[in-house]
Amino acid sequence: MGKLLIVGTMAFDAIETPFGKTGRILGGAGTFIGLAASQFKIDSAIVSVVGDDFPQSYMDILKNKDIDLSGVEVVKGGKTFFWEGKYHNDLNSRDTLATELNTLADFNPVVPNDYTGADIVMLGNLHPNIQLSVINQMEKRPKLIVLDTMNFWMDNTWDELMAVISKIDVITINDEEARQMTNEYSLVKAAAKIQEMGPKYVVIKKGEHGALLFHKDNIFFAPALPLEEVFDPTGAGDTFAGGFSGYLTEAGNISFESMKNAIIHGSNLASFCVERFGTERMVDLEKSEVDARLVQFKELTQFNIELT
């Protein structure tokens, strides 16, 4: 069984959308990635940090998904990372109301011994030095290193970000971030420039408009499934990353063709994430639901055409 190492936040989120408002609920990139990846037959572990204010019930949610939490540091007297945001009516833009790093400010990740030889490493959106530290702890080169990042790190830690990007295989970013990183409006040109920085594969997420996969001269596009209800897009990108990396870990195949399937599986799981607030939908998601929606994806994208 393949092993997936996940590095990312376990956090409290407080979210407001046009459809409602929450108090502090379970969130964080590592949490969403882990829940999505748990849909696959793999061994997975999360490396993260929380304060002792993080409820045992939240830990149990992840443990019940057979996720190894031996790499999660619990800081006595510490407070868990907190993010609060309010989404605009279109759900594509939001305002960050509060960001409290708390224990994350001094986070030094320690990879569990059982996962220093993991097949795939999924580096969630964190400081590039934290991501680099994890890469340096691996006893051998993983089959695949996937990295997620954001414009904040581009603005504030460019040199460190370039150092870690030079060591990875796949980067997942959104279209705005790809344009900022390369100063190219064309996503085709942007992806080509990013590949020159190190990653062999570039995944550009376009929210409700799907995702693009680039490798050399090859391009693949996966649409987002049109949904009747979208309550909360928080965590959708991380859920996508969890589905993407979880599928590849189970498949044991990292070819471009396999990554096409991984993109579909990631998009499929992300479509569930947005149907409820926070992690609520992902916690109780059944395999039968996932499989049924995969059929919908296939019907959405498959067609026959005769060329004369």
Taking atom types as modelled, is there a side-chain donor on [X] or [Y] under 3.5 Å from an acceptor on the other?
X      : Y      : answer
Glu73  : Asn108 : no
Thr80  : Asp53  : yes
Ser70  : Tyr115 : no
Asp60  : Gln56  : yes
Asp148 : Thr172 : yes

Keeping the roles fixed (side chain from [X], backbone from [Y]), state whether a donor-acceptor pair exists under 3.5 Å.
X      : Y      : answer
Thr157 : Glu160 : no
Glu84  : Ile15  : no
Thr149 : Asn125 : no
His215 : Lys200 : yes
Gln137 : Val111 : yes
Thr31  : Met10  : no
Asn268 : Val290 : yes
Ser133 : Asn129 : no
Glu139 : Thr116 : no
Glu250 : Tyr247 : no

Counting only heavy atoms not in [X], do more than 12 fall under 6.0 Å of its [atom1]?
X      : atom1 : answer
Lys86  : NZ    : no
Lys65  : NZ    : yes
Asn136 : CG    : yes
Asp95  : CG    : yes
Asp217 : CG    : no

- Task: Determine, step by step, whether Glu184 and Lys193 satisfy the salt bridge (Lys or Arg N to Asp or Glu O under 4.0 Å) criterion, reporting the C-alpha distance in whole Å, the side-chain angles of both residues, the deciding distance to 0.1 Å, and the verdict.
- Result: CA-CA 9 Å; Glu184 293 285 357; Lys193 276 195 174 181; 3.2 Å; yes

Just so I know, are the side chains of [X] and [Y] near enough to count as touching, which here means a heavy-atom distance under 4.5 Å?
X      : Y      : answer
Pro199 : Val170 : no
Leu227 : Ser271 : yes
Ser258 : Leu248 : yes
Thr182 : Met197 : yes
Phe214 : Ile204 : yes
Cys273 : Asp232 : no
Leu285 : Leu269 : yes
Trp158 : Met181 : yes

Straight-line distance of [X] [atom1] to [Y] [atom2], nearest 0.5 Å:
X      : Y      : atom1 : atom2 : answer
Ser267 : Arg293 : OG    : CZ    : 12.0 Å
Leu26  : Leu35  : CG    : CG    : 7.0 Å
Leu62  : Ser38  : CG    : OG    : 8.5 Å
Gln39  : Phe272 : CD    : CZ    : 8.5 Å
Arg94  : Glu16  : CZ    : CD    : 14.0 Å
Ile46  : Met59  : CD1   : CE    : 9.5 Å

Would Lys206 and Asp175 count as a salt bridge (Lys or Arg N to Asp or Glu O under 4.0 Å) if you check the C-alpha gap in whole Å, the side-chain angles of each, and the deciding distance to 0.1 Å?
CA-CA 6 Å; Lys206 293 170 60 65; Asp175 46 0; 3.7 Å; yes

task: If the plane angle is over 60° it's perpendicular, under 30° parallel, otherwise tilted; pick one for Phe231 and Phe19.
output: tilted

Those residues at least two apart in sequence (or on a different chain) that pass side chain to side chain contact (heavy atoms under 4.5 Å, CB included) with Glu176 are Asn151, Asn174

Residue set satisfying side chain to side chain contact (heavy atoms under 4.5 Å, CB included) with Phe221, at least two apart, ordered chain then number -> Leu212, Pro223

Practice prompt. Please assess Lys140 against Asp119 for the test salt bridge (Lys or Arg N to Asp or Glu O under 4.0 Å), listing each intermediate value before the final yes or no.
Written response: CA-CA 9 Å; Lys140 63 178 181 179; Asp119 300 290; 5.8 Å; no

Test side-chain contact (heavy atoms from CB on, under 4.5 Å), reference Leu5, set Asp43, Val47, Leu123, output is Val47

- prompt: Is there a chain of hydrophobic side chains (I, L, V, M, F, W, Y, each step under 4.5 Å between heavy atoms) that links Ile25 to Met282?
  reply: yes

Does Met154 share a hydrophobic cluster with Val202, counting links as ILVMFWY side-chain heavy atoms below 4.5 Å and allowing steps through other members? yes

Q. Going through the checks in order, is the salt bridge (Lys or Arg N to Asp or Glu O under 4.0 Å) test met by Arg281 and Glu275?
A. CA-CA 7 Å; Arg281 187 71 172 93; Glu275 290 181 336; 2.9 Å; yes

Q. Quick one: are the ring centres of Phe12 and Phe54 less than 6.0 Å apart?
A. yes

What verdict does the side-chain contact (heavy atoms from CB on, under 4.5 Å) test give for Arg141 and Asp169, after you've listed the backbone C-alpha separation in whole Å, the side-chain angles of each residue and the deciding distance to 0.1 Å?
CA-CA 11 Å; Arg141 171 78 188 186; Asp169 304 296; 2.7 Å; yes

request  = Walk me through it: do Val203 and Phe240 pass the test side-chain contact (heavy atoms from CB on, under 4.5 Å)?
outcome  = CA-CA 11 Å; Val203 178; Phe240 172 90; 3.7 Å; yes

For a ring-ring contact (aromatic ring centres under 6.0 Å, His included) check, start with the C-alpha distance between His265 and Phe40, then their side-chain angles and the critical distance, and finish with the verdict. CA-CA 10 Å; His265 279 272; Phe40 302 91; 5.7 Å; yes

*side-chain contact (heavy atoms from CB on, under 4.5 Å) between Leu69 and Lys63, worked out*: CA-CA 7 Å; Leu69 299 182; Lys63 286 181 179 178; 3.6 Å; yes

